[in-house]
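Report on the following structure.
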Amino acid sequence: MSGKKIPQYKLIENELANQIHIGDYKKDDIIPTEMELAKKYGVSRVTVRTALDNLVQLGMLRRVPGVGTFVQEPTTREKYPQIMGFTKEILSMGMTPRTIVTDFQVRPVSANIARILELRPGAPIYYFTRQRYAGEELFVLETSYMSAELYPEISLQILQGSKYEYFENVRGEKLDRNEHTVMAIHPSAEVAALFHITENTPIIKLANVSRLVNGRVLDYTVQMQSPKFQLHYIKQ
């Protein structure tokens with residue numbers, strides 16, 4: 001695949017943004033200094049400063065002169081009371097949804113994901129990745145985390161369909177809302193290859209917490225969305 005190599009500052013910017021998304025750095029945490037980051041990534045302080053400047057502009061970091069650089073709230077965070085899962089969304093576009101589960105494991109939850117799912121550290125969770133298609137077009141890459149104790153019956157077969165429809169129609173548990181955090185990023189080489197785009201093509205990264213009416217967290221999902229999905233969505 002052709003295309004210019006992603007600048008080093010953009011790679012650092014994306015990695016720091018991802019660490020903020022998953023909670024490695026929380027609100028009001030101080031991040032490493034420019035010198036420490038330059039040493040970690042093997043780049044100049046100017047390169048690091050450019051990455052940090054961009055994150056400051058996005059509202060993810062703030063600088064306090066003489067003190068350091070701190071984490072702020074992520075770029076865009078919204079709550080959506082109306083929930084439409086991928087399956088219904090694609091059907092509403094007049095297209096045929098299809099899901100491939102590429103990984104499905106039960107593992108102990110990390111401290112960061114436990115905080116998001118509101119579970120105790122080390123509790124068993126499902127970790128799974130899915131490719132979501134509209135016809136033959138790959139629209140979304142998903143990485144999801146869900147409690148295995150609260151929802152012990154989750155299976156590969158269920159995940160090949162719609163989670164939302166399963167919870168509403170089979171378990172009788174109604175979804176209340178989605179809590180989205182959205183940002184634009186440059187894809188990794190692997191993601192770019194799957195979407196058939198260059199590494200310089202911006203894509204949407206969406207981190208979502210789904211909640212049930214009873215207040216429990218259903219799951220935490222991080223999506224990488226193809227530009228083709230974004231275009232179809234806008235046209236709606």
What distance do Ser147 atom OG and Asp219 atom CG have between them, rounded to the nearest 0.5 Å?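 Result: 11.0 Å between the selected atoms.
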According to the interplanar angle, ranging from 0 to 90°, do the rings of Phe167 and Tyr151 count as parallel (below 30°), tilted (30 to 60°) or perpendicular (above 60°)?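 It falls in the perpendicular class, over 60°.
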Which word best sums up how the rings of Phe104 and Tyr126 line up, parallel for under 30°, tilted for 30 to 60°, or perpendicular for over 60°?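 The rings of Phe104 and Tyr126 lie parallel, inter-plane angle below 30°.
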For Val71 and Arg62, work out which heavy atoms get closest and say how close.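 So the two residues come closest at O-NH1, 3.4 Å.
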Between Thr198 and Thr201: side-chain donor-acceptor atoms closer than 3.5 Å: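 Their side chains do contain a donor-acceptor pair, which is all the 3.5 Å distance test asks for.
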Within the 3.5 Å criterion, strictly below it, is a donor on Tyr41 or Thr47 matched to an acceptor on the partner's side chain?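 No donor-acceptor contact under 3.5 Å links the two side chains.
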Does any non-hydrogen side-chain atom of Tyr25 lie less than 4.5 Å from one of Pro32?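 Yes, close enough: below the 4.5 Å cut-off.
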Does some side-chain heavy atom of Tyr145 sit less than 4.5 Å from a side-chain heavy atom of Val109?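 They are not in contact (no side-chain heavy atoms under 4.5 Å apart), so the answer is no.
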Give a yes or no answer on whether the side chain of [X] reaches the backbone of [Y] with a donor-acceptor pair at less than 3.5 Å.
X	Y	result
Thr221	Ser144	no
Asn178	Asn208	no
Thr129	Asp103	yes
Glu36	Thr33	yes

Residue [X] excluded, over 12 heavy atoms near [atom1] under 6.0 Å:
X	atom1	answer
Gln157	CD	no
Glu153	CD	yes
Glu149	CD	yes

Ile203 and Ile185: CA distance, side-chain angles, deciding distance, side chain to side chain contact (heavy atoms under 4.5 Å, CB included) verdict: CA-CA 6 Å; Ile203 65 171; Ile185 65 167; 3.8 Å; yes
Find out if a path of hydrophobic residues (ILVMFWY) with successive side-chain heavy-atom gaps under 4.5 Å connects Leu55 to Ile30.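 Cluster IDs for Leu55 and Ile30 differ.
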Between Asp176 and Arg216, is the closest basic N to carboxylate O distance under 4.0 Å?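 Judged by the 4.0 Å cut-off on N to carboxylate O distance, Arg216 and Asp176 do not form a salt bridge.
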In plain terms, say whether Glu13 and Lys10 are close enough for a salt bridge, that is, a side-chain N and a carboxylate O under 4.0 Å apart.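 The answer is yes: the pair qualifies as a salt bridge.
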